[in-house]
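Here's the structure, in structure tokens; my notes come after.
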Amino acid sequence: MYIPANSSSSFSSSGRNTSSMDTHSNHAASTEAGAGNSGASVNFARAVQEVFVQTYGKPALAKASVRQTAKPDVVGVDLVTSQRDFTNDIKRKVSQSMTLWLHDGQADVLADCQATDISSEVSVLQSPTDSSLRAVLRASKEKSGCFVEIWRDGVLASNYDVSAAHGQFYGDETFGSLAWSNDNSYLLYAAEKPEYAKAKTEDKSSSDYDLENDGSIGDEITGSVAGFADPRRYQLDEDWGETFNGKRPPVLVALRVADGDVRILTSPEGVSPGQALFLPGNDHRIAFVGYAHGARKPGLVYCQNRPSGLFISSLLDSVAAECVHNGAVRSPRLTPSGRALVFISTAPGGPHAATSALMLYDLATRSAEVVVPVIDHPSESPQVLDGTRLPAGFPGLFVNQLPHAPWLGCAGNPSRELLALTTIWRSTYAVVTVDLLTRRVQRHTPVDGTASAAVLGCAGDLLAASFSTPGSPSTLSVGRLEAPAAGEDSVTVQWHRRPAAAQENLLWNVVPSKRGITEGDVQSSCESIFVYPAQPNDLTKYFWHDKSQPRPLVVMPHGGPHSTYTLDYNPLVSGLVRMGFGVLLVNFTGSLGFGQNAVLAQIGRMDTLSLTEIQDAAAAIHAAHNGDPKRTVYLGGSYSGYTGALLAARVPGFYRGIVLRNPVIAVADNAAMSDIPDWCWAELGLPYSFDAPPALTPEIYKKMWAASPSSMVDAVRDPILLMLGASDRRVPPPQSKAYYSRLKAAGKPVQCRVYPNVGHPLDSVEAERDSFASIARFYAKSLDDSSH
């Protein structure tokens, strides 16, 4: 017997939920229970609160660096974790240093320091040539300013207020930069370009008030003149979309360490710079990625296909920046020898994420070559492609960014330059190395469905990595590179892991697809991860209390569509499993990690192919008696919100409740409002040009309308819960609000929650708390036998 949430308090249309899960809400819940709420609904809310705190309260490992000590089996590690503060509804960055003893595959703590909140630090970098020097970019909320700190031997040597020179720092992975010059005389970083002057009263007593009437009245004016603002202040200069809301475009800034002198570097016309670094020598040459924009700036976050180039320039104003490689590039990293830059390159246009190539640009010959090519389809056997040896099953590189410290040293052979990186390999993240000398790619973590792993940083023969599973958040592991045997060129990594606190009563397995498309080389390119509770217990009793009966099932495809669910910890999934649900994470054709052909197979089929595979995956779980067909619900966001809305119309009755987080509802509306309008053309298989964006003609609108859930409102009959970020730039909420209004007017069972000041991921602590509670109550009500 299910205990449903009280319908009058479960779906308040606005404001913070009356049973929202604060860590100090027991007294409030008791008060509410006496004010008309049923005891069942309040007790259920308390259980949901307990699960939320347990699953979302776990720290996540964000960064780590490792260093060798005087003892060969003892290393030092500096960690940065991300932690939720439920009292203040914020996410904190916390740093901690520790000393580890590596032995027998374990990493035991010998000593650790007090954890420190570093949330105000935007970026931190130790000088690569002087370990006593450290630079910190700090954003001060108290003083509303930007500060560059120079630390020497743990003492603050200088603190420069740069607030007047430019806007806020860029610390994200797209534009964020912080680099020491080779002689430690300059720092290079990225920040918002300076704001143009406001209007101010003109000083008529000024010596330059009386001017000769030369020139023309139509001549351009700069600065605040005659009581007016600088004319450029209100000219349209778009931001870069989602997560960059309201930020002025970036510029590179050079700060002279000796006296804090700040100089804004001139950017190439039509280019926003980022990911800057210094090149070898003391002539202060730099390299950076420049993101190009023509008629508009396309959204960048989550998009690897944006037109961009690798530029080389200098701190000297007289040296113009030169683009040495065009395409869609990112993550330039200088090789240890200093002879070349490696970087990631993806085909511009088309799908927003795809297989990438690893490129090498030789600084002496000024030429670029492919080190790891794009892989169309994984080979069951090892292969050699374009001179690079690839392991069996290698699906290609699916890399967002390279680690900031990616280089491993091979003892006894300093000429070998080993690049360590993280790539998606089917339904997991894997650690691989690329040997630039032998042109060999090797995998160093399993892809057998046991865990995901990611590189955090390297130093010498040491590698810091995170390991994660659906049942345990990311934990630190330290790997040591073992020298190859004589006559061999293969390398191995010996891992030493910190113990992981696994979630009790949670199991998972990877479920291969029994039916996928079989066109050309695209076969078996989809699979699912099924995460489920092993036994009923006190927390599962609301949804699953009898082991002889199948569990309720949440079908949860990923968004994108070019993304992937991997074997990493997900607090939402973990929480649903704790409540008694089996959760089916569906990777359909078009997911990353299965080769380029699988990515391209989705193009032009956005409203058909993935829907078939989602339903097939759910049916397979039903057939295996691992999920109850009569208690199956849906949870999707963005693109999988789109597929969920389509399934609501096409297979009514299959899902007892459907949760849609920031879904694409009207493709044409999204094309007109989204920060990535090209997505709508690309996924329908229609041509798009960044230089000359196409018009939304009646013919195009007709195609987009036919593929839109908004055209199928009349067929919807199952309960729907919409969850929207009011500041979402990727899938703006007006289309979902219109969908809600039409469903409501037609008498359909629909609810809508809107989270202020929250973007596409719905990732503020407040939004996470309320959305988890709302999902739990919505499923309780949808699955309640008495309501059907």
Side-chain angles (χ1 to χ4, degrees), residues 119-125 134-151 156 158-181 184-200 222-224 229-241 243-278 284 286-293 297 300-301 311 313-317 319-321:
S119 300
S120 64
E121 294 182 356
V122 178
S123 300
V124 180
L125 185 67
R134 188 167 63 100
V136 178
L137 304 184
R138 190 179 302 278
S140 173
K141 291 184 179 179
E142 292 78 11
K143 295 185 177 181
S144 300
C146 297
F147 300 85
V148 178
E149 301 172 354
I150 309 298
W151 294 75
L156 181 61
S158 304
N159 188 5
Y160 299 117
D161 185 347
V162 294
S163 308
H166 51 69
Q168 294 297 311
F169 296 121
Y170 272 87
D172 62 286
E173 62 182 14
T174 301
F175 292 115
S177 306
L178 181 57
W180 286 92
S181 64
N184 296 318
S185 63
Y186 280 96
L187 279 174
L188 184 65
Y189 60 87
E192 287 181 292
K193 72 178 186 180
E195 189 174 25
Y196 293 116
K198 299 178 181 179
K200 59 183 179 181
T222 60
S224 175
D230 188 313
R232 297 169 294 179
R233 182 177 177 86
Y234 301 110
Q235 287 180 343
L236 176 64
D237 192 2
E238 295 177 303
D239 60 30
W240 283 96
T243 74
F244 298 111
N245 288 5
K247 291 197 75 170
R248 297 189 296 278
V251 291
L252 294 180
V253 182
L255 179 140
R256 193 163 55 211
V257 173
D259 57 10
D261 177 71
V262 171
R263 188 152 48 89
I264 307 297
L265 304 187
T266 302
S267 301
E269 185 69 25
V271 167
S272 289
Q275 302 184 25
L277 69 159
F278 280 95
H284 298 150
I286 63 172
F288 63 88
V289 172
Y291 287 91
H293 54 88
K297 295 185 180 75
L300 284 182
V301 69
F311 287 79
S313 183
S314 171
L315 297 193
L316 302 175
D317 287 334
V319 179

inquiry  = Donor-acceptor check, side chain of Ser163 to backbone of Cys146, threshold 3.5 angstrom: yes or no?
reply    =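 Yes, because the side chain of Ser163 sits within donor-acceptor range (under 3.5 Å) of the backbone of Cys146.
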- Message: Looking at Arg248 and Lys193, would you say the former's side chain and the latter's main chain have a donor-acceptor pair under 3.5 Å?
- Response: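 A pair under 3.5 Å: yes.
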Does the side chain of [X] reach to within under 4.5 Å of the side chain of [Y], using non-hydrogen atoms?
| X | Y | result |
| --- | --- | --- |
| Ser267 | Phe311 | no |
| Asn184 | Val257 | no |
| Trp240 | Pro250 | yes |
| Leu315 | Phe278 | yes |
| Leu137 | Val148 | yes |
| Asn159 | Asp161 | no |
| Glu173 | Val301 | no |
| Arg233 | Ser224 | no |

Atom [atom1] of [X] and atom [atom2] of [Y]: how far apart are they, to the nearest 0.5 Å?
| X | Y | atom1 | atom2 | answer |
| --- | --- | --- | --- | --- |
| Leu252 | Gln275 | CG | CD | 11.0 Å |
| Ser272 | Tyr170 | OG | OH | 7.0 Å |
| Leu300 | Thr174 | CG | OG1 | 6.0 Å |
| Leu187 | Ile150 | CG | CD1 | 4.5 Å |
| Arg134 | Trp180 | CZ | CH2 | 10.5 Å |
| Phe244 | Lys297 | CZ | NZ | 12.0 Å |

State, to 0.1 Å, how close [X] and [Y] come at their nearest heavy-atom pair, and which atoms those are.
| X | Y | result |
| --- | --- | --- |
| Ser313 | Ala320 | OG-C, 4.3 Å |
| Ile286 | Ser314 | CG1-N, 4.1 Å |
| Tyr234 | Ala229 | CE1-CB, 4.0 Å |
| Ala190 | Phe175 | CB-O, 3.5 Å |
| Asp239 | Gly246 | OD2-N, 2.8 Å |
| Leu178 | Ala135 | CD2-O, 4.0 Å |

Once ring pair (Phe, Tyr, Trp, His ring centres under 6.0 Å) is applied, do any residues pair with Tyr189, and if so which ones, sequence neighbours excluded?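 If we apply the ring pair (Phe, Tyr, Trp, His ring centres under 6.0 Å) test to Tyr189, skipping adjacent residues, the hits are His166, Phe169.
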### Task
For Arg256, check side chain to side chain contact (heavy atoms under 4.5 Å, CB included) against everything at least two apart and list the hits.
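Testing Arg256 for side chain to side chain contact (heavy atoms under 4.5 Å, CB included), a comparison that skips the adjacent residues, returns Tyr186, Asp259, Asp261.
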